[in-house]
Every structure is written in structure tokens, then in C-alpha cells.
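Let me begin by presenting the structure, written as C-alpha cells, before commenting on it.
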Amino acid sequence: MPNTKQALKRMRVTAKRTARNRHVKSTFKTAVRRFSDTLAQGDITEAGDRFLIAKKTIDKAVSKGVVHKNAAARKKSRLAKRLNKAVSAAAAE
């Protein structure tokens, strides 16, 4: 248990920030998972829409400082690569 007023405040602030970070990370992961699931089902147009949503969610996480910008860029790049591969495979058929 904290002994000072400052330590008590730090506990409250940390709890608040942890809750926000957890929510942002969860939203981030959900958006990516929905994109992956849609892509796995083979629905290319819906996957394109889900990609844009995931990209926006990733950028929001970066702006809030939850995810590092390079990690976010890497994630977006990999998602785009998967989408482009699926689009080219669908076009080849």
C-alpha cells in the first residue's frame, strides 16, 4: 500500500492508463482478427473494407502511444501484403 499522496495518485493514474491501453490493444487485435477471418473466407471486397478499418485502428493506437510507429507500419505492411496476394490470386482464377 502506498505511503504518500503522490504514490496514491500514481496508482490511480497507472490504473487509468492501463485500462485505456488494454482497450486500445484489444480493439487493435479485434480489427486485425476480423480482417484475417474475412480474408480466410475468401471475401475479397469485404476484406478490403476490413483492411481499411484495421489500418485506421492501428493508426489510432499509434497516436495514443500504445503501439510503436514502426511496429504499426510493419503490421500494416504485412496486412496489405496478404490482401494484395489474395487479390492477385483471385484475379488469376
Side-chain angles (χ1 to χ4, degrees):
M1 193 65 199
N3 293 325
T4 63
K5 288 175 79 173
Q6 180 183 5
L8 275 169
K9 181 179 178 182
R10 285 287 104 209
M11 274 185 56
R12 289 195 308 267
V13 170
T14 301
K16 188 184 288 187
R17 286 183 178 177
T18 301
R20 188 199 67 181
N21 290 346
R22 188 177 294 136
H23 176 264
V24 172
K25 275 188 204 176
S26 176
T27 307
F28 170 99
K29 290 177 186 179
T30 301
V32 171
R33 189 178 64 248
R34 285 182 179 160
F35 165 75
S36 297
D37 291 347
T38 306
L39 196 61
Q41 291 173 357
D43 189 357
I44 302 299
T45 56
E46 181 67 24
D49 295 338
R50 294 286 171 103
F51 171 70
L52 294 176
I53 293 168
K55 193 169 129 179
K56 184 177 178 181
T57 307
I58 291 169
D59 288 336
K60 280 186 179 181
V62 171
S63 72
K64 297 192 185 315
V66 177
V67 179
H68 191 274
K69 66 178 185 174
N70 291 354
R74 182 178 64 239
K75 190 73 166 174
K76 290 189 295 187
S77 175
R78 288 177 180 172
L79 293 177
K81 195 173 178 181
R82 286 175 54 199
L83 179 62
N84 291 337
K85 188 175 179 181
V87 168
S88 63
E93 290 177 355

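No hydrogens, no waters, no symmetry mates; every other heavy atom, side chains included, goes into these values. If you're wondering where the values come from, they're calculated on a predicted model, not measured in any experiment.
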Problem set entry | Check: N84 main-chain N/O paired with S88 side-chain donor or acceptor under 3.5 Å |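 Such a contact is found between S88 side chain and N84 backbone.
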
Exercise. Any sub-3.5 Å donor-acceptor pair from S36's side-chain atoms to V32's backbone N or O?
Worked result: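 Looks like yes, one N/O pair under 3.5 Å.
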
Considering all heavy atoms of both residues, which atom of [X] and which atom of [Y] are nearest to each other, and what is their separation?
| X | Y | answer |
| --- | --- | --- |
| H68 | V62 | O-CG2, 4.2 Å |
| F51 | K76 | CE1-O, 3.9 Å |
| A61 | F28 | CB-CD1, 4.2 Å |
| K64 | R20 | O-NH2, 3.1 Å |
| L83 | I44 | CD1-O, 4.5 Å |
| I58 | A72 | CG2-CB, 3.4 Å |

Taking C-beta and beyond as the side chain, do [X] and [Y] meet within less than 4.5 Å on heavy atoms?
| X | Y | answer |
| --- | --- | --- |
| M1 | L8 | yes |
| T57 | K60 | no |
| K9 | Q6 | no |

Problem set entry | Nearest-0.5 Å distance that lies between atom OG1 in T38 and atom CD in E46 |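 The distance works out to 5.5 Å.
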
For this session: Any chance you could measure K25, atom NZ, to H23, atom NE2, to the nearest 0.5 Å?
Result: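 It comes to 13.5 Å.
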
Problem set entry | Same apolar cluster: I53 and L39, side chain cutoff 4.5 Å |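 Different hydrophobic clusters.
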
